[in-house]
S.K.: 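Here's a structure for you.
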Number of protein chains: 4
Amino acid sequence: MNVGFIGLGTMGRAMAGQLVAAGHRVQVWNRSPEPVKQLVEQGAVAAGSIAEVLGNEVVLSMLADDKAFTTLLLDEQLLAGATAEVHVNMATVSPALAVRAAELHQRHGIGYVAAPVLGRPDVAAAGNLNILAAGPEALVDRVAPLFEAIGRHTYRLGEQPQSANLAKISANFMIFSAVEAFAEAAALAEAGGLAASDLLEVITGTIFPGPVYAGYGGQIAADRYEPAGFRLDLALKDVNLALEAGTDNRVPLPLAGLLRDNLLDNLAHGEGHLDGAALGRTARRRANLDGRQA
Amino acid sequence: MNVGFIGLGTMGRAMAGQLVAAGHRVQVWNRSPEPVKQLVEQGAVAAGSIAEVLGNEVVLSMLADDKAFTTLLLDEQLLAGATAEVHVNMATVSPALAVRAAELHQRHGIGYVAAPVLGRPDVAAAGNLNILAAGPEALVDRVAPLFEAIGRHTYRLGEQPQSANLAKISANFMIFSAVEAFAEAAALAEAGGLAASDLLEVITGTIFPGPVYAGYGGQIAADRYEPAGFRLDLALKDVNLALEAGTDNRVPLPLAGLLRDNLLDNLAHGEGHLDGAALGRTARRRANLDGRQA
Amino acid sequence: MNVGFIGLGTMGRAMAGQLVAAGHRVQVWNRSPEPVKQLVEQGAVAAGSIAEVLGNEVVLSMLADDKAFTTLLLDEQLLAGATAEVHVNMATVSPALAVRAAELHQRHGIGYVAAPVLGRPDVAAAGNLNILAAGPEALVDRVAPLFEAIGRHTYRLGEQPQSANLAKISANFMIFSAVEAFAEAAALAEAGGLAASDLLEVITGTIFPGPVYAGYGGQIAADRYEPAGFRLDLALKDVNLALEAGTDNRVPLPLAGLLRDNLLDNLAHGEGHLDGAALGRTARRRANLDGRQA
Amino acid sequence: MNVGFIGLGTMGRAMAGQLVAAGHRVQVWNRSPEPVKQLVEQGAVAAGSIAEVLGNEVVLSMLADDKAFTTLLLDEQLLAGATAEVHVNMATVSPALAVRAAELHQRHGIGYVAAPVLGRPDVAAAGNLNILAAGPEALVDRVAPLFEAIGRHTYRLGEQPQSANLAKISANFMIFSAVEAFAEAAALAEAGGLAASDLLEVITGTIFPGPVYAGYGGQIAADRYEPAGFRLDLALKDVNLALEAGTDNRVPLPLAGLLRDNLLDNLAHGEGHLDGAALGRTARRRANLDGRQA
């Protein structure tokens with residue numbers, strides 16, 4: 001398939017690489033040239049402009065946020081000139097943006113599929129992402145071979161693109177809710193004389209298997225948050241997406257509000273570059289664990 | 001081993017049964033006579049009084065809450081007359097009570113071990129509980145054969161009994177935190193047009209394996225909370241234990257406070273008898289999901 | 001003074017009317033024609049366009065929100081053609097917008113003063129508003145006679161325009177915090193057998209004199225929220241301004257987050273058109289006061 | 001009137017002094033002897049025991065908390081021997097305790113009135129307290145002359161004693177809600193470049209007259225919390241009374257929960273001895289205001 005790919009950040013690079021490896025012709029574009037060079041070395045083709053990328057049958061994009069997507073792609077003139085059949089937006093953007101984007105694409109005869117992913121860059125590099133896809137069924141069928149190259153499983157979430165975005169931001173919200181729960185429990189445990197690592201062993205060995213508690217919890221138990229797998233300032237970005245979706249849909253999300261406050265506490269202390277697990281820092285700080293005499 | 005067992009509620013009955021089945025001589029006491037009769041049929045011996053039970057080498061107790069334990073067992077005169085080597089309190093009580101109980105037992109020459117369990121009655125009946133044990137190492141060694149009969153694994157959490165209680169109430173707090181997170185996410189999803197069951201499939205298939213999300217989440221997705229596996233009013237009891245431990249240790253637990261508010265919302269609506277997953281009812285109610293039908 | 005006035009909503013109309021009454025030549029513009037007609041009857045002059053209004057020495061604007069202000073006034077071409085010395089933005093907008101607006105005005109040689117007001121339409125009609133003014137001192141001096149016509153007191157809050165906006169959104173945040181506090185206390189009182197009106201009498205007669213508790217509290221005690229003096233959906237708008245300012249300045253505002261959740265609960269129940277005091281509805285609903293048998 | 005008075009803390013001493021000054025015969029008891037000596041010098045009579053005090057026609061008590069009251073006065077034998085007509089409990093205790101106390105007193109033929117007060121020691125010393133009284137009307141009439149000596153106004157809150165306690169803990173809850181609101185607003189203001197003192201001037205001069213905002217707000221604006229007028233650890237005690245009453249009546253009180261978390265943050269940082277206004281410390285700390293200096 002002739003595929004265009006826009007946005008070669010850490011995630012996008014890995015995903016585009018998988019497409020090349022699977023034998024697709026992939027034309028890539030990125031704001032900065034370095035990642036383009038890398039992909040070309042792997043067999044991709046460099047595009048001179050976004051408009052050129054939109055000349056491929058299928059276009060995938062993986063941009064940083066709502067703003068980047070809006071600025072680079074939600075342009076009447078640009079879309080009017082595009083000949084792509086379908087555009088698959090794989091970034092974590094707001095459901096509201098998905099609605100707007102789908103409408104605008106439709107007006108210009110381009111199909112729109114939302115397909116955000118679950119998984120970090122190392123998972124992407126191994127082609128093991130989980131893909132949350134939503135959009136017209138025929139379009140999702142059309143791009144299924146690409147999803148197979150990129151991910152290990154595709155969850156189909158109906159015909160409305162924004163459903164996939166809702167699922168993705170809900171998942172991220174739930175991840176940081178779990179982190180907050182362990183952060184508070186660990187602070188309580190330590191203040192009471194129980195090592196956070198002992199508590200972690202109990203809960204991961206019994207009620208909470210899986211990567212989230214073990215991974216983020218391990219960082220909290222060690223009180224070490226570098227290198228960042230998923231930066232805390234991006235965690236706040238995603239929690240804010242959940243809160244905005246809550247506002248748009250008139251759904252109170254008190255736990256998301258709590259996450260927001262605690263992540264801002266982190267930011268106020270210059271911890272935005274740490275891993276999102278550093279919610280554990282806020283819980284420790286509020287309980288003054290570091291200031292308590294041994 | 002000559003074992004005494006006090007408290008034959010649903011959990012206690014199953015645990016005492018496992019001890020009998022493992023070949024121990026088990027003398028049992030319960031406030032109401034019916035469960036005693038059942039255990040005697042299985043091979044246990046009925047005790048005429050709690051004082052009599054405290055004449056066994058080892059005594060296990062599984063009472064409802066701090067109040068029941070305090071009323072029935074924290075009695076100077078009773079403990080002064082006891083000849084038991086060690087008393088293992090397997091109930092979910094407060095760390096503060098564990099501290100007081102350990103002191104009182106020590107004053108009367110009786111060892112005290114805290115060993116609350118993770119697992120519901122069906123798990124207990126199969127001898128598959130996870131046991132969180134803390135207390136003097138020699139004492140925990142002494143009762144290890146009993147733990148083997150009752151559970152599948154014992155987590156040893158150090159010499160201070162209250163550490164086990166901290167771990168247990170932290171675990172329960174984390175369970176209902178996970179329930180709340182899914183309750184909010186599910187309300188957001190449904191308000192936005194994504195079925196809660198689709199969201200549940202995504203998260204349990206990817207980031208959140210294990211029984212908590214699948215079990216409680218399944219109830220929320222179906223909006224059905226009966227029969228109750230773990231009653232909501234007991235969930236509130238446990239969240240309050242976490243909050244009290246937070247106060248005693250000067251640790252803010254905003255997520256526990258949020259759970260408390262939402263569980264009270266449930267109680268105000270007569271839902272205390274439902275399963276704790278009914279936090280999902282509060283989330284639905286606040287978003288007025290049932291009232292949104294056209 | 002030759003004054004231009006943009007935005008004749010309920011507040012703007014009253015304020016412009018005061019300026020006319022004080023003898024100023026006031027040229028007015030409004031999106032819809034009716035209010036313009038009214039002002040002209042009072043002695044104002046109708047403007048054919050916003051550009052025309054910007055030809056007066058001093059221009060005051062009172063637009064609905066950030067979006068209206070941005071759309072109508074933050075236009076490079078428009079400002080490049082303006083000859084006004086100073087523009088006084090009296091609306092409740094975000095501090096971030098004030099920063100942007102001041103920069104843009106400066107680039108075109110126009111002074112910018114932020115001067116949001118405290119007071120409802122009836123207070124505005126009586127010329128009794130409190131004005132929160134910030135901006136370069138000479139400019140505030142320049143427009144002081146206009147403030148004297150509109151308000152009873154001007155609080156000068158320094159040289160940075162955004163300080164006035166911060167003060168205004170802080171004040172509104174504090175108002176709804178007070179409303180929430182009484183809403184919760186009133187629900188507790190009623191559930192416990194004490195009439196909310198009795199509680200209100202106590203607190204307004206002792207610790208909380210002044211219009212906020214008496215006014216909003218009176219509505220809550222009577223559980224009547226119409227007609228709306230200050231609509232609940234606008235209260236949410238202002239709370240969101242506080243939360244945004246919190247994000248921009250990395251300041252956790254948990255009480256603002258709580259207000260947001262409870263106001264969304266109101267909106268989900270179709271209560272956005274009620275007075276902001278209807279936070280009392282959410283508190284009653286959560287405690288199920290209406291569903292409790294007498 | 002022959003009056004007994006139990007509990008001569010700072011408040012009790014001032015109140016008993018007013019009764020003496022008004023010409024009543026006042027027999028006093030206190031755990032420590034020094035305040036008794038002071039009162040005797042003012043004209044009171046020392047009692048040898050609490051039982052002796054309960055021989056007066058009317059007995060007033062002002063003890064520290066639920067525990068002190070329960071320990072010293074809720075004693076079957078003690079009350080069985082008492083000849084007092086009525087006991088007026090003026091302390092801030094829980095509504096639940098009022099219910100229990102009223103029942104126990106009734107069983108022994110003693111009337112029970114709850115009459116907590118609003119006002120600090122200096123207000124008490126001037127005889128200017130506000131009294132919140134509830135209990136059987138005839139009994140409140142009976143003690144009205146004493147209230148006139150102690151306070152400037154008595155609010156009558158019906159026949160159920162616990163209503164007065166509900167009003168009192170609601171009032172204190174509302175005070176600290178107001179403190180929290182200003183604490184957050186002040187942190188936001190300062191982070192954004194507006195002095196907290198300027199914000200305070202605006203709100204106390206306009207929407208929030210009265211002693212609470214001016215007094216507590218003044219401390220926050222100055223970031224000085226000593227000497228403590230009302231200690232922070234006692235503020236937490238009162239917030240916990242509100243939360244307990246919420247639990248007993250199944251009323252979610254999210255704002256009270258928020259206060260609890262923030263006051264615990266203070267305690268964790270060793271600030272329990274500061275004035276309750278030190279909620280402002282928690283808000284500053286979370287926003288890292290002190291750490292933002294260049």
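Chain letters run A, B, ... following the sequence lines, proteins first, then strands; residues in each count from 1. What you see is a predicted model; the values in this text were computed from it and never measured.
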S.K.: Can you measure from CG (Leu132(C)) to CD (Glu201(D)) and round to the nearest 0.5 angstrom?
M.R.: 10.5 Å
S.K.: Going from CG on Leu199(D) to CE on Met174(C), what distance comes out if it is rounded to the nearest 0.5 angstrom?
M.R.: 6.5 Å
S.K.: Using non-hydrogen atoms and a 4.5 Å limit, figure out which bit of Tyr213(C) sits close to chain D: side chain, backbone, both or neither.
M.R.: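 Side chain only.
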S.K.: So for atom CD, which belongs to Glu137(D), do other residues, nucleotides or ligands contribute more than 12 heavy atoms lying within a distance under 6.0 Å?
M.R.: no
S.K.: Shorter than 4.5 Å, heavy atoms on both sides: which option in Asp198(C), Leu253(C), Asp261(C) has the most such pairs with chain D?
M.R.: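 Of Asp198(C), Leu253(C), Asp261(C), Leu253(C) has the most heavy-atom pairs under 4.5 Å with chain D.
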S.K.: Considering non-hydrogen atoms only, spot the tightest contact between Ser163(D) and Leu194(C) and give its length.
M.R.: O-CD2, 3.6 Å
S.K.: Between OG of Ser170(D) and CD1 of Ile203(C), what distance do you get to the nearest 0.5 Å?
M.R.: 9.0 Å
S.K.: Are Leu188(D) and Phe173(C) close enough, and set up right, to give a side-chain contact (heavy atoms from CB on, under 4.5 Å), and what steps lead you there?
M.R.: CA-CA 11 Å; Leu188(D) 175 62; Phe173(C) 156 62; over 6 Å; no
S.K.: Tell me, for Leu118(C) versus chain D, whether the close heavy atoms (under 4.5 Å) come from the side chain, the backbone, both or neither.
M.R.: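 Contact with chain D involves the side chain of Leu118(C) alone.
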S.K.: Name the option with the most non-hydrogen atom pairs under 4.5 Å to chain C; the candidates are Ala187(D), Ala181(D), Gly205(D).
M.R.: Ala181(D)
S.K.: Heavy-atom distance under 4.5 Å to chain D: side chain of Pro95(C), backbone, both or neither?
M.R.: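 Answer is neither: Pro95(C) stays 4.5 Å or more from chain D.
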S.K.: Evaluate the side-chain contact (heavy atoms from CB on, under 4.5 Å) criterion for residues Phe208(C) and Phe208(D): first the C-alpha distance (whole Å), next the side-chain angles of each, then the deciding distance (0.1 Å), finally the verdict.
M.R.: CA-CA 8 Å; Phe208(C) 290 123; Phe208(D) 290 124; over 6 Å; no
S.K.: Write down the atom of Ala191(C), the atom of Val251(D), and the distance for their closest heavy-atom approach.
M.R.: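 Scanning both residues completely, I find the closest heavy atoms to be CB-CG2, 3.5 Å.
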S.K.: Drop me the distance from Glu190(D)'s CD to Leu166(C)'s CG, to the nearest 0.5 angstrom.
M.R.: 11.5 Å
S.K.: Ignoring hydrogens, what is the shortest heavy-atom contact between Gly210(C) and Pro209(D)? Give both atom names and the distance.
M.R.: CA-CG, 3.6 Å
S.K.: Kindly say whether Leu255(D) contributes a backbone atom to a donor-acceptor pair with the side chain of Glu184(C) at under 3.5 angstrom?
M.R.: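 Confirmed, Glu184(C) side chain pairs with Leu255(D) backbone.
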S.K.: If you look at every heavy atom in Arg292(D) and Arg250(C), which pair is closest and at what distance?
M.R.: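 Nearest pair, atom of Arg292(D) first, then Arg250(C): NH2-O, 2.8 Å.
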S.K.: Looking at every non-hydrogen atom in both residues, tell me the closest pair between Pro254(D) and Leu258(C) and how far apart they are.
M.R.: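 Taking Pro254(D) first and Leu258(C) second, the nearest heavy atoms are CB-CD1, 3.5 Å.
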S.K.: What part of Ile175(C) gets within 4.5 angstrom of chain D, counting heavy atoms only: side chain, backbone, both, or neither?
M.R.: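 Looking at Ile175(C), backbone and side chain both touch chain D.
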